[in-house]
Amino acid sequence: MSSRFKLFTPGPCEVDPDVLAAMAGPVMRHYGPEWLSVFAETTDLAKQVFQTRNELLIMPGTGTSALDMALGSMLASGEKVIVGSNGYFGDRLIAIARAYGLEVVVFRSAWGKPLSPIELETLLDQHPDARAVAVVHHETSTSVLNPLCELAEISHRTNRAIVVDAISSLGGMDLPVDAWGIDACVVSANKCLETPPGVTLLSLSPRASSLIDAQDQPGHGWYLSVKTWRQYAADGRGWHPYPVTLPTNNIFGLRASLRKILTKGLEAHWARYRWARQAVRKGMCNIGFELLVPDEYAAPTATAVKARPEFPIASLIEWLARERSMLVGGGLGELRDKVFRVGHMGQASTRGHVLGLLFAVEEFLRLQGISVPIGASLVGAEHIQTE
Ligand SMILES: *Cc1c(COP(=O)(O)O)cnc(C)c1O
């Protein structure tokens with residue numbers, strides 16, 4: 001009963017059948033000892049993938065809801081936050097901060113270029129009253145990986161907390177939350193954790209907690225206030241430590257996926273993503289495409305490929321869907337019609353999917369009258385090093 005389509009979209013991603021099977025059991029009550037042990041194990045596994053000993057919340061919702069929660073719970077209206085943007089999701093981070101009435105100082109890089117740690121350093125000096133910094137790690141609209149370790153280090157020099165949208169990076173690459181000191185780290189279950197949508201995860205460091213504790217308001221709301229979740233965790237200990245009903249079947253899926261990732265080993269999991277990135281980058285270049293982002297700051301979790309003059313990008317995207325049941329992502333915002341994006345998340349990073357997609361793109365080129373020898377996109381794929 002698999003889906004008709006192979007998903008190469010950088011979210012949602014195609015999920016392993018074993019994970020889907022783990023979700024198909026009867027609905028369990030989201031409280032009581034039986035559930036609590038499932039939840040405790042899932043939390044423990046997630047902390048291993050986050051490489052953290054911090055508090056970690058697992059909640060119903062999408063990644064964006066946890067970004068709302070982090071910014072809304074750590075900062076009060078009128079407080080200042082420095083937000084980096086170099087793409088669609090950076091702009092969303094600015095919109096979220098503004099929606100909470102925060103005073104937003106923006107630092108930007110062009111779409112396709114990484115954020116500059118030097119610029120952040122200057123802004124932190126110019127705005128001593130800024131309480132926190134917020135950035136996207138992997139800007140999924142361009143496939144740029146921002147220099148998160150440096151951005152965090154600079155923020156911490158003056159004891160500013162860093163809130164990170166790691167929705168499309170954590171799980172697919174090494175992001176050691178504690179070693180890098182990521183204060184609030186937001187991840188969605190549906191990207192590199194390879195689970196269907198519906199669950200989001202948020203880790204909070206002691207520095208993030210001190211900002212939350214300092215708020216005299218409980219946050220800008222109730223459901224998305226960290227204080228509400230903490231209150232229930234304390235009052236409902238051993239029986240019902242959540243303010244709302246949990247998506248229990250989704251959490252069974254998350255547990256199954258995390259078990260799978262950790263059984264194979266984090267390093268092996270990340271290596272599969274790196275292999276997929278290299279295979280797609282090399283394969284597309286072999287057949288005449290250009291990539292939006294140079295190797296130096298290309299994320300291992302998605303790749304943006306530039307449109308070319310011989311045909312509109314939409315015709316390739318439509319042909320892949322109609323003729324080969326393969327879905328790739330289009331361009332977002334200012335990159336609409338200028339790129340297509342290939343996700344390496346979930347099944348999209350398996351050998352069969354990657355080589356199948358490259359071959360299908362080749363076929364499309366030949367139909368456009370572009371001369372491409374059969375198999376050209378696959379040349380070199382077997383020699384890719386992932387170290
Ligand atoms: C997918 C994505 C989002 C949105 O996540 P939702 O789970 O749909 O809320 C936000 N930021 C980045 C970087 C993403 O890749």
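Start at 1 with the first residue, then count along the sequence. Just follow the structure's listing: the first ligand is 1, and inside any ligand the first atom is 1.
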Parallel, tilted or perpendicular: ring planes of Trp180 versus His137, cut at 30 and 60 degrees: perpendicular
Aromatic centroids of Phe289 and Phe340 separated by under 6.0 Å: yes
Contact residues of ligand 1 (heavy atom under 4.0 Å), by chain and number: Thr62, Gly63, Thr64, Phe89, Arg92, Val136, His138, Thr140, Asp165, Ile167, Ser168, Ser188, Lys191
Residues that Arg131 engages under salt bridge (charged side-chain N to carboxylate O under 4.0 Å, His left out), provided they are two or more places apart: Glu79
Tabulate below the donor-acceptor pairs under 3.5 Å that side-chain atoms of residues 299-312 make, not counting sequence neighbours, or state none.
unit_1	atom_1	unit_2	atom_2	d
Thr301	OG1	His138	ND1	2.9
Thr301	OG1	Ser168	O	2.8
Thr303	OG1	His344	NE2	2.7
Arg308	NE	Glu310	OE1	3.2
Arg308	NH1	Ile287	O	2.8
Arg308	NH2	Glu310	OE2	3.3

Under 3.5 Å donor-acceptor pairs involving side-chain atoms of residues 10-17, not counting sequence neighbours:
unit_1	atom_1	unit_2	atom_2	d
Glu14	OE1	Leu7	N	2.8
Glu14	OE1	His353	NE2	3.2
Glu14	OE2	His353	NE2	3.3
Asp16	OD1	Asp18	N	2.8

Presence of salt bridge, Asp178 and Arg53, under 4.0 angstrom: no
